[in-house]
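Every chain is numbered from 1 and lettered A, B, ... according to where its sequence line falls, protein lines coming before strand lines. Values below: all heavy atoms of this structure, side chains included; hydrogens, waters and symmetry mates excluded.
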Amino acid sequence: MQDSADFISFFYKLVSEAVRGLLAGWGIEKLADMYTLEPASRRGHGDLATSMALVASGMINHPPRQLAEELVAAMQANQGLKELTRFEVAGPGFINFFLKEDALVGAVGSALALGTHFGSGDPDHPEKILLEFVSANPTGQLHVGHARYAAYGDSLKRVLAFLGHDVTTEFYINDYGAQMEIFGRSLAARYAQTLGLEAELPVDGYRGDYPRRVAARIAGEIGDRLRDEVTPAPSAAAIDFFRERGCEIVLAEMKAELDGFRVDFDSWFSEASLYAVGAAQKIVDKLKGPGETETREGALWLKTTRYGDDKDRVLIRKHGEPTYFASDIAYHFDKATRPQHFNRLINIWGADHHGYVARMKAAMQALEPLVPENERPQLEIIIGQLVNVIERGERRQMSKRKGTMVTLKELLTGIGVDAARFFLVDRSHDSAMDLDMEKAKLKSEENPVYYVQYAHARICSIVRKAEADGFRMINYDGYSGLSNQERQLIMDVLFFPQVVDGAGRMREPHRLTAYGRALAASFHVFYHNCPVLGAEPQAASFRLDLCRLVRSTIATSLELIGVSAPQSM
RNA sequence: GCGCCCGUAGCUCAGUUGGAUAGAGCGUUGGACUACGAAUCCAAAGGCCACAGGUUCGAAUCCUGUCGGGCGCGCCA
């Protein structure tokens, strides 16, 4: 029937071919490649539907139903298409497709033959993508906000890679600057206290249990060797030591936790490493050349308003230190000029950083002359909304410095990886999310992830039984008499490639959780209405293959969001 | 004040880039296992898609305005 393409894409192209000439005659040929083909919304409307005639009607000002009739005539002239379906014009001018049974039966077999590649892509223009997310300060534990971005970013990576793009993930370590300094001082103070010395946390110091534990661990490593360096006030060398050692310990723990959350970064990039080579100063000097900067009020500014920002931004402060913005430009310049030649840089930022987008994009434009024209990557910034923690009906302020946030660790021990990832990815990243830990723990057993996993386990059970019973598959070409439930299940599973494609293109992995739920529901309904192994031999063979396809599709859709697909539960 | 995001069933949220009669889970009510797994299924109830205009064959979806909520608007990171 088709080679590597999935059935729906194949069908789409057949329709395109059939109507292209007609559309070209009307001067709207482009519609052949941008019309919509969707699952019919309800029974009686067939299996697939297109609003092509309605859209064409708006473009050339002809009555839609008449256009629909002409389009159908063109489709009927396409022999391949005619073998797959019959047509009907309905309502204001929809064209409904009623797929023939052998087309559906054949499509299941073809999809199954693709194995785990069903739904995977081979894009016309594969991209080399550097995807950056989480990027937390190494001054404490990862919290549920980070968990949300980790789940989202990692799922997006899996989806884009599945679609055939070359994706590298990166964690940018903000291990430089005032926050790190305060963290080092906080650890020094806690260290002194573990030795029984009098020491006070800095005013803005990191409170809570976590820095205390890190300090205790360092004390275990070095004993009282730095006793004289930390009191009455820590020496510069002591601060450096605690900052660096603390950073190492925190990062190691973050890696371990992310690993437990099934999030694996290809690269960890240190901000401090940029300073070690003077990268911020260097990039600022390069920007001075083409007149992108200006000195004002004793500071050096980047004229970002030239590129749509609402005000210019400081690169070098009055007292000579580069701003975070300057080092971020150095970082982005680095990303733009790596030997891999990424053609797309995707950053996932929290909503609290959205005000930063305009200046970063402006900076990228200012950098353009410094990067060869055919090597300039496109910068794409995705803003993820925040997670609100609800406690006893009230919002709880999350503060790392006060040590009052709900941690990723808490989430994992409370509700587990599968439930947590499913829950976090299930909502659009564009909507703020309320998380009530008490309810989340109570509700973890009714998390929809189990509904989807159960469908998978159930199918595994059927397949196991088939093997145990020595079930023999027979050829089911020509099988007919599809029930409504199996027809629905077939259509749902055949649409998987379009769902993955949309999830990748729109950067919306949450479409996969919705899809997984819908496919599982469709399967459960099928299961209750259509015996598999008990059916007559041809039906049994077909249904068993359908089950296998659904099983592997559920497994893939879960895999793409980092959730396991158990064989039994 | 300005900018971005959001407002859909009692609660938590989807809604395939503008499609046909608005969807799911939880909760409520009532049903289905001597059956390939009841972590399931079936049925009922529940809606002025915040509000008001506009665009068109058609709007939860796009535009304008209003109201309400979140987040920003540093020579912090």
Side-chain angles (χ1 to χ4, degrees), chain A residues 36-42 44-45 49-51 54-55 57-58 63-65 90-94 96 137 174 176-180 271 296-301 310-311 313-319 321-325 327-328 350-358 383-386 388 395 423 426-434 436 439 443 445-448 450-451 453-455 457-466 469 471 495 498-499 501-503 505-506 508 510-511 513-515 517-518 520-521 523-525 527-535 540 543-544 547 568-569:
Chain A
T36 60
L37 181 67
E38 31 195 312
S41 48
R42 57 195 74 249
H45 289 166
T50 179
S51 57
L54 292 161
V55 176
S57 165
R65 284 202 60 116
F94 290 102
N96 293 332
N137 286 7
N174 296 129
Y176 185 88
Q179 291 309 314
M180 286 309 295
E271 181 186 4
R296 205 161 66 214
E297 299 156 37
L300 185 73
W301 302 67
D310 52 2
K311 52 181 96 163
R313 308 292 174 175
V314 172
L315 290 173
I316 306 290
R317 284 179 269 237
K318 202 178 345 187
H319 302 297
E321 326 88 71
T323 58
Y324 177 80
F325 183 45
S327 78
D328 218 14
D352 52 342
H353 286 79
H354 81 260
Y356 198 78
V357 173
I383 297 300
Q385 296 299 317
L386 305 174
N388 303 311
R395 296 183 48 177
F423 176 84
D426 195 30
R427 285 122 173 96
S428 162
H429 69 276
D430 225 1
S431 291
M433 168 190 309
D434 286 345
D436 185 324
K439 282 188 188 168
K443 292 180 72 147
E445 288 183 17
E446 61 199 36
N447 187 302
Y450 301 117
Y451 181 80
Q453 290 180 322
Y454 183 62
R458 218 176 199 184
I459 298 173
C460 289
S461 173
I462 295 173
V463 173
R464 274 194 302 268
K465 180 163 170 53
D469 294 354
F471 181 85
F495 257 93
Q498 281 63 41
V499 173
D501 184 65
R505 273 202 345 273
M506 302 305 293
E508 292 181 350
H510 76 273
R511 293 181 186 214
T513 59
Y515 176 77
R517 254 202 299 246
F523 171 74
H524 287 310
V525 172
Y527 175 86
H528 276 269
N529 288 281
C530 308
V532 178
L533 302 177
R543 287 176 180 173
L544 194 56
C547 283
S568 64
M569 49 194 290

**Asked** Do the rings of Y356(A) and F325(A) sit parallel, tilted or perpendicular, given the 30° and 60° boundaries?
**Response** perpendicular
All N/O pairs under 3.5 Å across the protein-nucleotides 17-19 of chain B interface:
from: G19(B); atom 1: N7; to: S51(A); atom 2: OG; distance (Å): 3.2

**Message:** Donor-acceptor check, side chain of T323(A) to backbone of I316(A), threshold 3.5 angstrom: yes or no?
**Reply:** no
**Asked** What is the distance, rounded to the nearest whole Å, between atom CG of D310(A) and atom P of G74(B)?
**Response** 9 Å
**Request:** Check whether any side-chain heavy atom of Y176(A) lies under 4.5 Å from a side-chain heavy atom of S327(A), and answer yes or no.
**Result:** no
**Request:** Using ring-ring contact (aromatic ring centres under 6.0 Å, His included) as the criterion, list what pairs up with Y527(A), not counting sequence neighbours.
**Result:** none
**Request:** Could you work out the separation of U8(B) and C48(B) based on their C1' atoms and round it to a whole Å?
**Result:** 12 Å
Where do N or O atoms of nucleotides 75-77 of chain B meet protein N or O atoms at under 3.5 Å, pair by pair?
from: C75(B); atom 1: O2; to: K318(A); atom 2: N; distance (Å): 2.8
from: C75(B); atom 1: N4; to: E297(A); atom 2: O; distance (Å): 2.8
from: C76(B); atom 1: OP2; to: R317(A); atom 2: NH1; distance (Å): 2.3
from: A77(B); atom 1: OP1; to: R317(A); atom 2: NH1; distance (Å): 3.4
from: A77(B); atom 1: OP1; to: R317(A); atom 2: NH2; distance (Å): 3.1
from: A77(B); atom 1: OP2; to: Y324(A); atom 2: N; distance (Å): 3.1

**Item:** Test item: H45(A) and F94(A) side chains (from C-beta on) under 4.5 Å apart, heavy atoms
**Value:** no
**Asked** Please give, in whole Å, the distance from G69(B) C1' to N388(A) CG?
**Response** 10 Å
**Fill in**
Letter by letter from the 5' end, nucleotides 4-10 of chain B scores (B base, S sugar-phosphate only, - none; protein heavy atoms under 4.0 Å) BSS----
Atom pairs, N/O to N/O, protein against nucleotides 31-38 of chain B, distance under 3.5 Å?
from: C36(B); atom 1: O2; to: L533(A); atom 2: N; distance (Å): 3.1
from: C36(B); atom 1: N3; to: V532(A); atom 2: N; distance (Å): 2.8
from: C36(B); atom 1: N4; to: Y527(A); atom 2: O; distance (Å): 3.3
from: C36(B); atom 1: N4; to: C530(A); atom 2: O; distance (Å): 3.0
from: C36(B); atom 1: N4; to: P531(A); atom 2: N; distance (Å): 3.4
from: G37(B); atom 1: OP1; to: S461(A); atom 2: OG; distance (Å): 2.5
from: G37(B); atom 1: OP2; to: S461(A); atom 2: OG; distance (Å): 3.0
from: G37(B); atom 1: O2'; to: Y454(A); atom 2: OH; distance (Å): 2.4
from: G37(B); atom 1: O2'; to: R458(A); atom 2: NE; distance (Å): 2.8
from: G37(B); atom 1: N7; to: S461(A); atom 2: OG; distance (Å): 3.3
from: G37(B); atom 1: O6; to: M569(A); atom 2: N; distance (Å): 3.3
from: G37(B); atom 1: N1; to: M569(A); atom 2: O; distance (Å): 3.1
from: G37(B); atom 1: N2; to: M569(A); atom 2: O; distance (Å): 3.3
from: A38(B); atom 1: OP2; to: R458(A); atom 2: NH2; distance (Å): 2.4

**Request:** Could you tell me whether the side chain of N529(A) and the main chain of V525(A) form a donor-acceptor pair under 3.5 Å?
**Result:** yes
**Gap in Å between the two C1' atoms, one belonging to G15(B) and one to A59(B), rounded** = 13 Å
**Item:** Working for side chain to side chain contact (heavy atoms under 4.5 Å, CB included), residues S428(A) and H510(A)
**Value:** CA-CA 6 Å; S428(A) 162; H510(A) 76 273; 3.7 Å; yes
**Message:** Roughly how many Å apart are A20(B) and A24(B), using the P atom of each and rounding to a whole number?
**Reply:** 15 Å
**Request:** Quick one: label A49(A) by what it contacts on the DNA or RNA (base, sugar-phosphate, nothing), any heavy atom closer than 4.0 Å.
**Result:** base
**Message:** Expressed as a whole number of angstroms, how long is the span from Q453(A):CD to A39(B):C1'?
**Reply:** 10 Å
**Complete:** When rounded to the nearest 0.5 Å, the distance separating CD of Q498(A) from CG of L37(A) is 8.0 Å
**Item:** Nearest-angstrom distance, P atom, G70(B) to C13(B)
**Value:** 15 Å
**Asked** With a 4.5 Å heavy-atom cut-off, do P448(A) and T513(A) have their side chains touching?
**Response** no
**Asked** Would a distance-only check, ignoring hydrogens and angles, find a side-chain to backbone donor-acceptor pair under 3.5 Å from R317(A) to L315(A)?
**Response** no
**Message:** Taking the P atom in each of C67(B) and C51(B), what is the distance between them to the nearest angstrom?
**Reply:** 16 Å
**Request:** Find the distance between CZ (R65(A)) and CG (L54(A)) and round it off to the nearest 0.5 Å.
**Result:** 10.0 Å
**Request:** Sticking with atom C1', work out how far A77(B) lies from A39(B), rounded to a whole angstrom.
**Result:** 46 Å
**Item:** Syn-anti status, with the boundary at 90° from 0, for the nucleotide U17(B)
**Value:** syn
**Prompt:** Roughly how many Å is it from CZ in F495(A) to P in U16(B), rounded to a whole number?
**Reply:** 13 Å
**Message:** Using 0.5 Å steps for rounding, measure from the CG atom of N388(A) to the CG atom of D434(A).
**Reply:** 5.0 Å
**Prompt:** For L386(A) and T50(A), take the nucleotide of RNA chain B holding the closest heavy atom to each; which residue's nucleotide lies nearer the 5' end?
**Reply:** T50(A)
**Message:** Just the rounded figure in Å: distance from P of G25(B) to CZ of R517(A).
**Reply:** 9 Å
**Prompt:** Can you check the H524(A) NE2 to A39(B) C1' distance for me, whole Å?
**Reply:** 8 Å
**Prompt:** Going from NE2 on H528(A) to SG on C530(A), what distance comes out if it is rounded to the nearest 0.5 angstrom?
**Reply:** 11.5 Å
**Pairwise P distance for A14(B) and G25(B), with rounding to whole Å** = 16 Å
**No-H, no-angle donor-acceptor pair, N96(A) side chain to A20(B) base, under 3.5 Å** = yes
**Item:** Between A24(B) (P) and H510(A) (NE2): distance, integer Å
**Value:** 17 Å
**Prompt:** Does A351(A) offer a backbone N or O that forms a donor-acceptor pair with the side chain of H354(A) under 3.5 Å?
**Reply:** yes
**Message:** Testing the basics here: between V463(A) and L544(A), what is the closest heavy-atom pair and its distance to 0.1 Å?
**Reply:** CG2-CD1, 4.4 Å
**Prompt:** When the nearest nucleotide of RNA chain B is assigned to P448(A) and to D426(A) on a heavy-atom basis, which residue is associated with the more 5' position?
**Reply:** D426(A)
**Request:** Would you check if M506(A) and R511(A) make a side-chain contact, meaning some heavy-atom pair closer than 4.5 Å?
**Result:** yes
**Asked** Any side-chain heavy-atom pair from L533(A) and K465(A) closer than 4.5 angstrom?
**Response** yes
**Asked** What distance do I459(A) atom CD1 and R464(A) atom CZ have between them, rounded to the nearest 0.5 Å?
**Response** 11.5 Å
**Asked** Within this structure, what is the OH-to-C1' distance between Y451(A) and C26(B), rounded to whole angstrom?
**Response** 14 Å
**Whole-angstrom distance between U16(B) and G1(B), as gauged at atom P** = 33 Å
**Complete:** Pairs under 3.5 Å (Watson-Crick or G-U), crossing ones as [ ], inter-strand ones as |: RNA chain B comes out as (((((((..((((.....[...)))).(((((.......))))).....(((((..]....))))))))))))....
